[in-house]
Amino acid sequence: LGWDVWHDEL
Amino acid sequence: MNLFRFFGDMSHLASILILLYKIHATRSVRGLSFKTQALYVTVFVARYLDVFTEFVSVYNTLMKIFFISSSCFVLYLMKGRYRPTNDPSIDTFRVEYLLGPCALLALIFHYRWSFLEVLWSFSIFLESVAILPQLFMLQRTGEAETITTHYLAALGAYRALYIPNWIYRYWSEDVIDPIAVTAGIVQTALYLDFFYVYFTKVLQGQKFELPA
């Protein structure tokens, strides 16, 4: 499960 | 990028264009909450500071620049050119009740202990409640111009479309962003009451009026 920081959304 | 997110973003873009059109066409900011608009500037500046440090895509960068600049422009219109049409006496929601808890939540829930990351969390929490002063004002006056309700509907649709986007991403990419998802669900829920009146009245050609 990707709990990595994932700020590709606006 | 999936279609839910793309149409969500387009709906967000449309909402701002509708807002600018409303101000321009009626030559007035009547019915708009300055506090909500100021909160959106806070949200966008806090979240999109990473435009200088992270690169996602040209689309992402252009949208960030658009959201920061258009929200600042709206503030200028409300406090500058159209100031006489702004009525602060009905815009009485206490924003400190939103800013304080959101700051506290960001200090507790974030993905990394860094300035930009805590600020990112803060912006996510604040965005989820930033519409409250506007909805509170609507509740108080009990009516709204039709064009203003289209603005709110587009803004609500943007948040609503992000929910299937997260379900789709969970299913196709196996990623989940619990902070954004929780705040997003809260934010969408805040619009339910508004959407009920919008669908049953405004889209039937009637004026947006709340029962006394």
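Between A:H7 and B:Y111, the angle of the ring planes lies from 30° to 60°, which puts this pair in the tilted group.
For B:K22, the salt bridge (charged side-chain N to carboxylate O under 4.0 Å, His left out) test picks out B:E145, with sequence neighbours left out.
None of B:D177, B:I124, B:D9, B:N165 except one satisfies the side chain to side chain contact (heavy atoms under 4.5 Å, CB included) rule with A:E9; the exception is B:N165.
Applying a 4.5 Å heavy-atom cutoff, the residues of residues 55-68 of chain B that approach chain A are B:V56, B:Y59, B:N60, B:M63, B:K64, B:F67.
The structure places CG of A:L10 at 7.5 Å from CZ of B:R5, a figure rounded to the nearest 0.5 Å.
Neither the backbone nor the side chain of B:F44 has a heavy atom closer than 4.5 Å to any heavy atom of chain A.
For A:D8, the CG atom sits in a packed shell: over 12 heavy atoms of surrounding residues, nucleotides or ligands are nearer than 6.0 Å.
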